[in-house]
Amino acid sequence: MSAANHATDGHARTPGPQGGANETPFRYTAPFANATEERWQARLEQAEAAGGGYRQPNPGEPGFDASRPKFYCLDMFPYPSGAGLHVGHPEGYTATDIICRFKKMKGFNVLHPMGWDAFGLPAEQYAIQTGVHPEVTTKKAIDNFRRQLKRFGFMYDWSREFATIDPDYYKWTQWIWLLAYNAWFDPKVKAARPISELEAALVSEDREITAMSADSAASGAASSASGATSSASGARVGVGVGVTKRWSACTKRERQVYLDGFRLAYLGTQTVNWCAKLGTVLANEEIIDGRSERGGHPVVRMPLKQWMFRITSYADRLLADLALVEWPDSTRTMQSEWIGRSEGAEIRFEVDGAHVENEFLSVFTTRPDTLFGATYMVVAPEHSLIARVVARGGDARLTEYVAWAKNRSDIDRQESKKKTGVSTGLFAVNPATGARIPVWTADYVLMGYGTGAIMAVPAHDERDFEFAKEFALPVLQVVDIAGVAWTGETATSGEGRAINSANTASGLSMNGMSTADAKRAAIAWLEAKGIGGLRINYRLRDWLFSRQRYWGEPFPVVYDAEGNHYPVSMTALPVALPPLADYRPIESSTPQPPLAKARDWTHTTAGAAGVDPALLPADTAVVRETNTMPGWAGSCWYYLRYCSPKDAQAFVDPAAERYWMLSRKKSAKGTGESSADAASVAAPTSYDAATCHAGGVDLYVGGSEHAVLHLLYARFWHKMLFDLGKVSTPEPMGKLFHQGLITSHAYQRADRTLVPIDEVEERGEGQCVEKATGEQVTQIVAKMSKSLRNVVNPDDVIAEYGADTFRLYEMYMGPLEASKPWNTRDIIGVFRFLQRAWRLAVDERTGDVLCAAVADATIEKQLHRTIAKVGEDIERLSFNTAIAAMIELVNAATRPSDMTDATKGGMTHDQLVRFACVLWPFAPHIADELGERLGVAGGLHGMQWPAFDPAMLVDSEVEIAVQVQGKVRARITVPTAASAAEIEAMALAHPQVLPHLGEKPPKKVVVVPGRMVNIVL
RNA sequence: GGCCCUGUGGCGGAAUUGGCAGACGCAGCGGACUUAAAAUCCGCGGCCGCGUAAGCGGUGUGUGGGUUCAAGUCCCACCGGGGCCA
């Protein structure tokens, strides 16, 4: 078969652009590779325009094959930044592309979508810098990203593409938020339920409720929701002021406030991190060392009404269900540490003092066994108790201290060596000893952890001890730790035996008990006394979901004149982001969302805004919420939308969601060869924990920088949707994989300062010197950065070698999960491999295919082994070794320099087709081109993964090592089936072994058939 | 400070279950082809010592111990690099 036979598209015979005297116009050069790739990509565009291409139909759609198993493979969608793709993007995308192409050849229905995470701070900041509307810059960046990704030839189903900024998408983001707004977490069933069910129960049972002010309600219920997981369910945390009333006796307003205290999306007054420069509030996790993660601007703390998500309700389940997913252990550990479950006790201390009466101070401690050692208490400067003391005329030093401490970052507060604080003038009563102990405020206690107050046990806590020393507060040892002498000079921490811990008056006696027993005794005593009990505390805080920015999803909420909030009806969505001439944030010391500037939009009526008339008459004047959602919002559920991206009736079509997200657990036996048997079992129709996989997406690949936040938020949304019956699996991502960071090189002077890569010259022998000074520098691995001038632009690399080479290079660099340095010099290696592979099949002078007439038995065997090895390696994401195997095959089959003599080396037509199929997932363009020249029309995507004969994987003979005392002394070739006794006899008789054997017979001979022999003397 | 990951030639890495360390690639060296160069093809290659050579001996996976017939792999301690929580 010659190339001329299928030169129908007029391109196949086009010589590589190498000039007139070129003798090898069909050589696989970079221009030839680029031309070939672009030709195949143009064809793909045509096919896509005609409804084909790599489109994957859904169940019920034309062309859908129900007999095939499904595989949903997802990349973390990118922020389309103005800078375009960096080399890190195609790393994960190539990996998933290889797996998807492989799975397709193995007979799977493959969902492999791509889209854009286009809202959020970076897009807005970029727009602000360039002075162009974010929508314009974002869409331009998307177009550029799409162009770049298409140039890599990824097998995405582009018909499913969307961006989070599309109104058709964020309409449903708002819809999900409304679901959360209209839901509460029922601690009895540990699941979300519609809030209408809570309301119905309150009405029918006419329950007694504690009516509260709007401000305290939200935080109060939030605390009780997490407290509900402990046995201390009745205990209120902090100082709550409320009146108990029957539901029927409550006003409409009181009922509303009460219900608001349960919503999963609620309005709470929070001490927030206000970044004046960015004009927005930031989540704790967006702040590093007291400055904004993005931009490094200072952040101050102030109270603000914000929309929150009650993610703490899900702390237990978010923790427990980590066991159900195939995620890297490191990621699961990070999430569980982020959730930070700790078991301890809540203890309520009575407070009395000049200004405050009948109050109590609640603390959380992991060491209730040390209660007798609590010689003073400390509350955070932000604690509500302090505010009240100040309001009732507390002394000036206290006021001053609170003002000073308020803006110190959490890090500063915890790390500063010198402890600061002032006495509040109040006293609390230690319930165990009956002693009056002073209440201090100090910034080393944070409002964000526990209750914002601690009982200080200076004898056994380092920080409490330092504080007690600083202010001459009493220290009492209550734990005797074996092997650690008590000197009074330093705190002793750890477990031991309780001492000085008995009081007949209070009835608590723990002396002699182990720490574990003492904890139990203390908790039992607290419960009996009704002043506390077992409590599970979480580090996890509720999720601050409001941002004072323009470029985000508007909240579907309006406020009446009194400031009461009302949801926009689901049927009135989307609440479209209004056009705004000046969208810049308002840089100020007080929060002012930019959307407030769109007065025509913000000031409207309930009817125009789409509020249910049953909630508020249509002509009521209302003001829209001007905060927007954070960048995380759109990425919390995009994987669901891909299942049915155009659905206008629902956020996801239930049948499509079920098909792509729900799957059976893999049977224990099924290793690798799973295509045929998986299809024979009918797809499940509903989730069953015993037989179904908890996670939906079969493989999710992305960077580990998203190990906590994005993945925790997405899991939270998914669990809400699961509870409310909107999705069919309890977890969003069944299997997760993090690709490693691609780093680069930089050079370091003797004084450890860095030198940009282009200011260094190599002088051979691995010696490098700085051009300007001649100083010797050493090569180190560093992150790619503009300042080090070591950023690699994928477009440049493709122009120089082609996309197939780029893909191959990134996969060949090393293990996918490892962080690896980019080394441009190494790219030539995989490029040469593709050249050799090409030359194996194609005459470089004529473009005709070159096939061996007769199959070489050795090559045939190696081909089978390569097919087996590459298939296994793809399944375990070991692409570097798969490529090495292909290189070995091609090297073995490569002819000597006379490349026209088809009788020497090479592969037969049939072998070349099979090889092209194996190469296709990695380097699809060259493989498709080879395939076509070999007579497979229209590309290889319809081909099956080639079969291998297991018999071909075994040799009849094997060479094994013979060791004497663990040292290799000889190698013998034995039949694979040889018995241990036969091998032993051969080994002992070997001439190279004999001299090493002593006079006496060997003590022992270890024979591992097929591996080695070890003779022990 | 605690937990986790990691350390293999000049470089990237391989060794999937404790079983021949260094696959494959880069860089390097030698040869063939060529007027020459590039390209291509063939070959060499951890380090040290001996040998003209094929080869032989020793040593070798951050350091020091241990388990084992056998350790890059398992255990303990330490050192360096990275991450997470403090």
Side-chain angles (χ1 to χ4, degrees), chain A residues 18 23-24 27-29 328-340 342 410-411 414-415 446 449 462-463 493 539 671 704-705 707-708 738 740-743 745 762 764-768 779-781 783 808-810 812-815 817-833 835-836 839 844 869 872-873 875-878 880-891 894-899 904-905 958-972 992 995-996 1002-1017:
Chain A
Q18 288 190 326
E23 289 193 351
T24 54
R27 184 172 173 72
Y28 189 80
T29 60
D329 286 342
S330 58
T331 305
R332 289 192 288 193
T333 304
M334 278 164 66
Q335 289 221 347
S336 84
E337 284 177 359
W338 189 262
I339 294 165
S342 59
D410 287 3
I411 305 285
Q414 285 180 92
E415 282 191 346
L446 302 176
Y449 186 80
E462 201 63 49
R463 288 177 303 175
S493 58
R539 203 188 76 94
T671 51
S704 59
E705 68 271 21
V708 176
H738 299 304
L741 193 67
I742 293 184
T743 57
H745 290 295
E762 224 176 297
E765 300 285 313
Q767 303 276 302
C768 299
Q779 189 183 59
I780 57 150
V781 169
K783 276 191 183 173
L808 225 37
Y809 171 64
E810 288 212 345
Y812 192 57
M813 287 171 79
E817 68 275 21
S819 165
K820 318 156 273 259
W822 179 275
N823 198 347
T824 300
R825 198 169 62 180
D826 289 347
I827 302 173
I828 192 75
V830 285
F831 183 65
R832 285 181 192 146
F833 158 63
Q835 281 189 320
R836 271 199 297 274
R839 197 180 301 124
E844 295 187 323
K869 165 91 175 146
E872 280 169 27
D873 284 355
E875 293 275 9
R876 62 190 184 99
L877 308 179
S878 179
N880 55 334
T881 53
I883 294 167
M886 289 190 282
I887 293 176
E888 285 182 270
L889 174 66
V890 167
N891 287 351
T894 292
R895 322 184 159 74
S897 52
D898 182 3
M899 58 189 97
K904 286 184 191 160
V958 62
E959 190 192 69
I960 64 171
V962 181
Q963 298 177 342
V964 180
Q965 301 286 67
K967 282 180 184 163
V968 179
R969 297 299 181 183
R971 287 171 219 284
I972 54 176
Q992 279 171 297
H996 296 281
K1003 236 184 243 168
K1004 187 173 170 186
V1005 179
V1006 181
V1007 180
V1008 184
R1011 295 279 186 191
M1012 40 66 69
V1013 180
N1014 191 12
I1015 299 163
V1016 187
L1017 299 177

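Naming convention: chains lettered A, B, ... in sequence-line order (proteins, then strands); numbering from 1 in each chain.
- Among B:rG19, B:rC24, B:rG12, the nucleotide with an atom closest to any side-chain atom of A:Val1006 is B:rG19.
- Taking every side-chain heavy atom of A:Thr881 into account, B:rA15 is the closest of B:rA15, B:rU16, B:rG25.
- For A:Val968, counting side-chain heavy atoms from C-beta on, the closest listed nucleotide (B:rG13, B:rC24, B:rA21) is B:rA21.
- Between the P atom of B:rC4 and the CD atom of A:Gln335 lies a distance of 19 Å, rounded to the nearest Å.
- When the nucleotides B:rA23, B:rC26, B:rG25 are ranked by their closest atom to the side chain of A:Glu888, B:rA23 comes out on top.
- Across all strands shown, A:Met1012 has heavy atoms under 4.0 Å from base atoms, whether or not it also approaches the sugar-phosphate.
- Residue-level contact check: A:His738 touches neither bases nor backbone, having no heavy atom under 4.0 Å from any strand.
- Side chain of A:Arg27, nearest nucleotide from B:rC41, B:rA70, B:rA39: B:rA39.
- Residue-level contact check: A:Arg332 touches neither bases nor backbone, having no heavy atom under 4.0 Å from any strand.
- Heavy atoms of A:Asn1014 sit under 4.0 angstrom from at least one base atom.
- Rounding to whole angstrom units, CE of residue A:Met886 and P of B:rG25 are separated by 13 Å.
- Checked against B:rC26, B:rC24, B:rG13, the side chain of A:Pro821 finds its nearest nucleotide in B:rG13.
- Listed candidates were B:rC41, B:rC56, B:rU16. Nearest to the side chain of A:Arg876 is B:rU16.
- No hydrogens or angles were tested; on distance alone, nothing pairs the side chain of A:Lys967 with the base of B:rU59 as donor and acceptor under 3.5 Å.
- The distance between atom CD1 of A:Ile827 and atom P of B:rG13, rounded to the nearest whole Å, is 15 Å.
- Across all strands shown, A:Arg836 has heavy atoms under 4.0 Å from sugar-phosphate atoms exclusively, and none from any base.
- The CD-C1' distance, from A:Glu705 to B:rG83, rounds to 13 Å in whole Å.
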Under 3.5 Å for both distances, Watson-Crick or G-U wobble, that's the pair rule; now give the dot-bracket for RNA chain B, with | marking pairs to another strand and [ ] for crossing ones.
(((((((..(((......[....))).(((((.......))))).(((((....)))))..(((((..]....)))))))))))).

